[in-house]
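Inspection log for the structure reproduced underneath, given as structure tokens.
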Amino acid sequence: MDQKLKVGILGATGMVGQRFIALLEDHPWFEVVTVAASPRSAGKTYEEAVGDRWKIDTPMPEAVKKLVVLNVNDVEHVASTVDFVFSAVDMSKDEIKAIEEAYAKTETPVVSNNSAHRWTPDVPMVVPEINAAHFDVIPDQKKRLGTTRGFIAVKPNCSIQSYAPCLAAWKEFGPKELVVTTYQAISGAGKTFKDWPEMVGNIIPFIGGEEEKSEQEPLRVLGKVENGVIVKAEMPKITCQCVRVPVLNGHTAAVFINFEKKPTKEQLIKKLVSFKGFPQEAELPSAPKQFIQYLGEDNRPQVTLDVDYENGMGVSIGRLREDSMYDFKFIGLSHNTVRGAAGGAVLCAEALTAKGYIAKK
């Protein structure tokens with residue numbers, strides 16, 4: 001790419017916004033030129049606005065420290081400075097829907113980490129290895145919005161990343177029923193142990209809204225584009241429990257699965273490790289070389305050993321074995337703030353750029 005695309009981060013001071021900042025440091029295609037946040041942060045330098053709330057384990061990039069934070073509600077001004085934006089704003093669902101559409105209508109593509117538009121029929125919700133074809137719905141969305149280059153694309157919930165890729169890899173065997181329990185890290189709530197001390201040595205068996213997302217969002221990812229909208233898949237049927245556990249980064253899933261056809265364990269593993277999609281074929285900058293790894297040891301995957309596989313962009317699967325009630329059971333692990341949040345959105349933006357949907361204004 002001759003000249004880097006100018007990027008803005010909406011909600012830049014929060015945990016996901018910070019992760020965007022960290023991941024985009026020295027990115028070969030994108031350069032963060034604008035940071036926007038709530039009115040209380042506006043007018044301060046990014047370093048001042050974040051203060052002692054920098055939650056990423058690498059230092060704040062020098063290039064953003066002196067950027068003056070803009071008011072995220074000043075849509076026209078923010079949009080005028082960038083080619084596209086990443087959205088990680090902390091607002092109500094209705095407010096997020098409104099502000100993301102407002103940015104899109106300034107002819108600024110929006111790649112969102114938020115959940116507000118995940119079920120908007122003509123907004124693609126994409127794991128690029130699985131359903132990059134869903135970007136084909138964007139021209140229909142542009143017609144609705146009345147735009148020529150502005151649109152919204154989103155990535156799915158962090159909780160599904162550790163098992164939904166398996167469903168795509170195993171598609172030919174007909175996954176039909178899943179029982180899933182996710183064990184979710186505290187960074188998924190935007191927290192560290194310093195600001196959530198009651199999570200130390202504790203488990204909370206409830207995460208608001210997560211179970212519905214974990215059951216339904218994989219079906220939209222596995223769905224198809226029909227008549228200008230995304231139609232979700234009918235199968236598999238998924239039931240899920242979501243548990244908050246005392247882990248900083250990394251969502252683990254314990255999964256029981258039934259298939260329409262009866263694969264062998266060897267067939268399932270082969271499909272996992274060979275599975276790839278558009279990011280690998282296009283050699284996108286953030287794409288893991290191998291999307292899914294299979295670990296044969298009885299005690300893997302583990303958060304401390306495996307969460308950073310492929311720089312946090314890969315998925316680790318282990319303990320695949322036959323079950324007495326279901327066909328198979330397995331354990332999955334993914335990095336919730338990299339693959340599951342900012343990193344997944346960056347990969348979406350790279351795919352959109354490679355496909356020509358994002359370009360210089």
Side-chain angles (χ1 to χ4, degrees), residues 1-37 41-42 45-47 49-50 56 58 60-90 96 99-114 117 124 126 128 135 138 147 149-155 279 282 284-287 311 313 337-339 341-361:
M1 188 167 291
D2 294 340
Q3 202 175 0
K4 291 187 180 184
L5 295 170
K6 295 185 289 187
V7 178
I9 313 292
L10 312 181
T13 57
M15 180 177 266
V16 175
Q18 292 177 23
R19 182 65 76 180
F20 274 121
I21 296 284
L23 288 174
L24 292 169
E25 185 179 18
D26 300 322
H27 192 282
W29 294 4
F30 306 146
E31 180 184 3
V32 177
V33 299
T34 298
V35 288
S41 295
T45 65
Y46 185 70
E47 189 175 30
V50 172
I56 309 302
T58 54
M60 182 184 291
E62 290 295 326
V64 300
K65 286 184 177 179
K66 302 307 178 194
L67 290 179
V68 175
V69 179
L70 302 184
N71 183 344
V72 73
N73 299 312
D74 192 355
V75 175
E76 293 283 347
H77 176 51
V78 174
S80 71
T81 66
V82 297
D83 295 312
F84 77 99
V85 295
F86 289 110
S87 176
V89 291
D90 182 13
I96 292 169
I99 199 166
E100 289 182 350
E101 284 208 358
Y103 273 94
K105 286 177 178 177
T106 68
E107 301 294 0
T108 305
V110 178
V111 182
S112 180
N113 183 72
N114 296 306
H117 275 293
V126 172
F135 291 138
I138 288 172
T147 59
R149 72 186 300 280
F151 64 87
I152 302 162
V154 301
K155 50 146 289 298
L284 300 180
S286 299
N311 298 313
M313 289 297 289
T337 67
V338 182
R339 167 57 76 164
V346 170
L347 191 61
C348 280
E350 292 171 358
L352 287 160
T353 302
K355 286 177 173 286
Y357 290 106
I358 294 177
K360 294 201 77 66
K361 281 184 177 175

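The minimum heavy-atom distance between V72 and A36, with the atom names listed, is CA-CB, 3.9 Å. Minimum interatomic distance between K155 and A341 (heavy atoms only, all atoms of both residues): CD-O, 3.0 Å. The heavy-atom pair separating F135 from A351 by the smallest distance is CE1-CB, 3.9 Å. Nearest heavy-atom pair across A42 and L70 is CB-C, 4.0 Å. Closest heavy-atom contact between A342 and F20: O-CE2, 3.4 Å. Of all the heavy atoms in S112 and E100, the pair that sits closest is OG-OE2, 2.6 Å.
Within the 3.5 Å criterion, the main-chain N or O of K6 finds no donor-acceptor partner in the side chain of E31. The main-chain N or O of K4 is found under 3.5 Å from a side-chain atom of K360 such that the two form a donor-acceptor pair. Side-chain N or O atoms of Y103 include none that pairs as donor or acceptor with a backbone N or O of L10 at under 3.5 Å.
For the atom pair F30 CZ and I358 CD1, the distance stands at 6.0 Å (nearest 0.5 Å). Taken from CG in L23 to CG in L347, the straight-line distance is 11.0 Å, to the nearest 0.5 Å. Note: I56 CD1 to M15 CE = 6.0 Å, rounded to the nearest 0.5 Å. In this structure, OG1 in T108 is found 8.5 Å from CG in D83, a value given to the nearest 0.5 Å.
Counting non-hydrogen atoms of neighbouring residues, nucleotides and ligands closer than 6.0 angstrom, the CG atom of N71 exceeds 12 such neighbours. Around atom CG of N311, no more than 12 heavy atoms belonging to other residues, nucleotides or ligands sit under 6.0 Å away.
Side-chain contact between V33 and V82 is present, with heavy atoms from C-beta onward closer than 4.5 Å. For the pair L352 and F151, the minimum side-chain heavy-atom distance is below 4.5 Å. Between V64 and I9 the shortest side-chain heavy-atom distance does not fall below 4.5 Å. Annotation: side chain of I152 is in contact with side chain of E101 (closest heavy-atom distance under 4.5 Å). Put simply, the side chain of I99 reaches to within 4.5 Å of the side chain of V75, judged on heavy atoms. Counting heavy atoms from C-beta outward, H27 and P285 have side chains that approach closer than 4.5 Å. Looking at heavy atoms from C-beta onward, R19 lies out of side-chain contact with N113 at the 4.5 angstrom threshold. Residues I21 and E25 fail the side-chain proximity criterion, which asks for heavy atoms closer than 4.5 Å.
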Output, in order, the C-alpha distance, side-chain angles, deciding distance and verdict of side chain to side chain contact (heavy atoms under 4.5 Å, CB included) for T106 and E76. CA-CA 7 Å; T106 68; E76 293 283 347; 3.8 Å; yes
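The aromatic rings of F86 and F84 lie perpendicular to each other, with more than 60° between the two planes, well past the 30° mark.
Counted by atom type alone, S80 and K361 present zero donor-acceptor pairs between their side chains at under 3.5 Å.
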